[in-house]
Visitor: 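Take this structure first; my questions come after.
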Amino acid sequence: MSESFQFQLKKTDGGARLGEVSMPRGTIRTPAFMPVGTVGTVKAMYLDQVRETGADIILGNTYHLMLRPTAERVARLGGLHQLIRWPHPILTDSGGFQVMSLSGLRKLDEQGVTFKSHVDGSLHHMSPERSIEIQGLLDSDIQMQLDECVALPATPKEIERAMEMSLRWADRCKVAFGNQPGKAMFGIVQGGDVPELRVRSAQALSSMDLKGYAVGGLAVGEPQEVMLRMLEITLPELPTEKPRYLMGVGTPDDILKSVARGIDMFDCVMPTRSGRHGLAFTRRGKVNIRNARHAEDMRPLDEQSNCPASRDYSRAYLHHLVRANEALGGMLLSWHNLAYYQELMQGIRQAIAEGRFADFMAETMENWARGDL
Ligand SMILES: Nc1cc(N)c2c(=O)[nH][nH]c(=O)c2c1
């Protein structure tokens, strides 16, 4: 642990990076996967289980928490860590992305976003300063700037407008965040699928000397090759000594290919959302447990796993629970999927440490392609 926010790049293997983020609440081993704890809970999981799978940090959604139970109430209750009993680092997003995807967005201008809550229809305004204030009330360890993420496809002019406003908002968020030694504020690179806008955004944010940098505006429906191409264009413009976080990504395949290009941190609802719908990620690829072939299969999803959900329960039982729409089905598959994601991250970190990431990536993808036993 460290009294201040520190990132140490420990080793590289091709484009892949092995690192460590040290903060007062703990150390984050990178490449890292952050389970999404939307409204102060990683859905269908106890946070002790989340920790047991190997997670060093979780994500909290500012949009949801500001609406319910509200940031002021969380602060009165001692902050998010105390409320949800997660003493380790928490990263919060700015709320802007979900305002634009979940709320009744009323207005977006230089001052921020005005929207109607999807919970009760109440009207809210969030400026860059208010987003940082909310994340501070939550006692978030890593806070994200307010930005505007444009859905693709979009015109270069529209992407440029949003990117430039996001840069101005980054400046305002940096001022509002001030100097908080044990915490960090990350900027978010925008620019859609326009290479020169990506470069301009990354270079401008790099000149702000922030503690870390997210790549936003991706995983918004574009083909994987476009996402990967934008990483190849963006990452060389970011400082190597700062962590890079790819927002909202992704599948195990996305993660491997993005690590290979230099990403250090990921978050995605994929493992938990898929688990609740009966889809398991395994070392042999995806398994849809609803499929009839599992109805009398007494094997576990993965007898080699340390996770009880993967090792101690039969496919037949998981099939039954999911078909019966029993809560325990989603709980066990969420647990399994998070454990698989963390096992993948640990395998990635070990492979980079030993200089064999390319072989690890090839072997992992071959095993996925072989398909389930
Ligand atoms: N795929 C994405 C997921 C996200 N949570 C975000 C975000 O929070 N901000 N900005 C973004 O561009 C973005 C993209």
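What you see is a predicted model; the values in this text were computed from it and never measured. Counting begins at 1 with the first residue of the sequence. First listed ligand is number 1; within each ligand, the first listed atom is number 1.
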Visitor: Of all the atoms in ligand 1, which lie at a distance below 4.0 Å from a heavy atom belonging to Gly216?
Guide: 11 (C), 12 (O)
Visitor: Please enumerate all residues that pass ring-ring contact (aromatic ring centres under 6.0 Å, His included) together with His319, with sequence neighbours excluded.
Guide: none
Visitor: Looking only at heavy atoms of Gly96, does any of them come nearer than 4.0 Å to an atom of ligand 1?
Guide: no
Visitor: To check your reading of the model: name the closest protein heavy atom to atom 5 (N) of ligand 1, its residue, and the distance in Å.
Guide: Phe97 CD2, 3.6 Å
Visitor: Around atom NZ of Lys116, are there more than 12 heavy atoms of other residues, nucleotides or ligands at under 6.0 Å?
Guide: no
Visitor: Does any N or O atom in Leu218 lie less than 3.5 angstrom from one in ligand 1, N or O only?
Guide: yes
Visitor: Going by the atom numbers of ligand 1, which of them fall below 4.0 Å from some non-hydrogen atom of Ala219?
Guide: 1 (N)
Visitor: Any N/O of Gly217 closer than 3.5 Å to an N/O of ligand 1?
Guide: yes
Visitor: Measure centre to centre between the rings of Phe266 and Tyr341, then say whether the value is under 6.0 Å.
Guide: no
Visitor: Considering only NZ, NE, NH1 and NH2 on the basic side and carboxylate oxygens on the acidic side, decide whether Lys183 and Asp139 come within less than 4.0 Å.
Guide: yes
Visitor: Nearest protein heavy atom to atom 10 (N) of ligand 1, by residue and atom, and its distance?
Guide: Asp147 OD2, 2.7 Å
Visitor: Could you list the residues that satisfy side chain to side chain donor-acceptor pair (under 3.5 Å) with Arg17, not counting sequence neighbours?
Guide: Asp264
Visitor: Take a 6.0 Å sphere around CZ of Arg311 and say whether it holds more than 12 heavy atoms from other residues, nucleotides or ligands.
Guide: yes
Visitor: Quick one: does Gln190 get within less than 4.0 Å of ligand 1, heavy atoms only?
Guide: yes
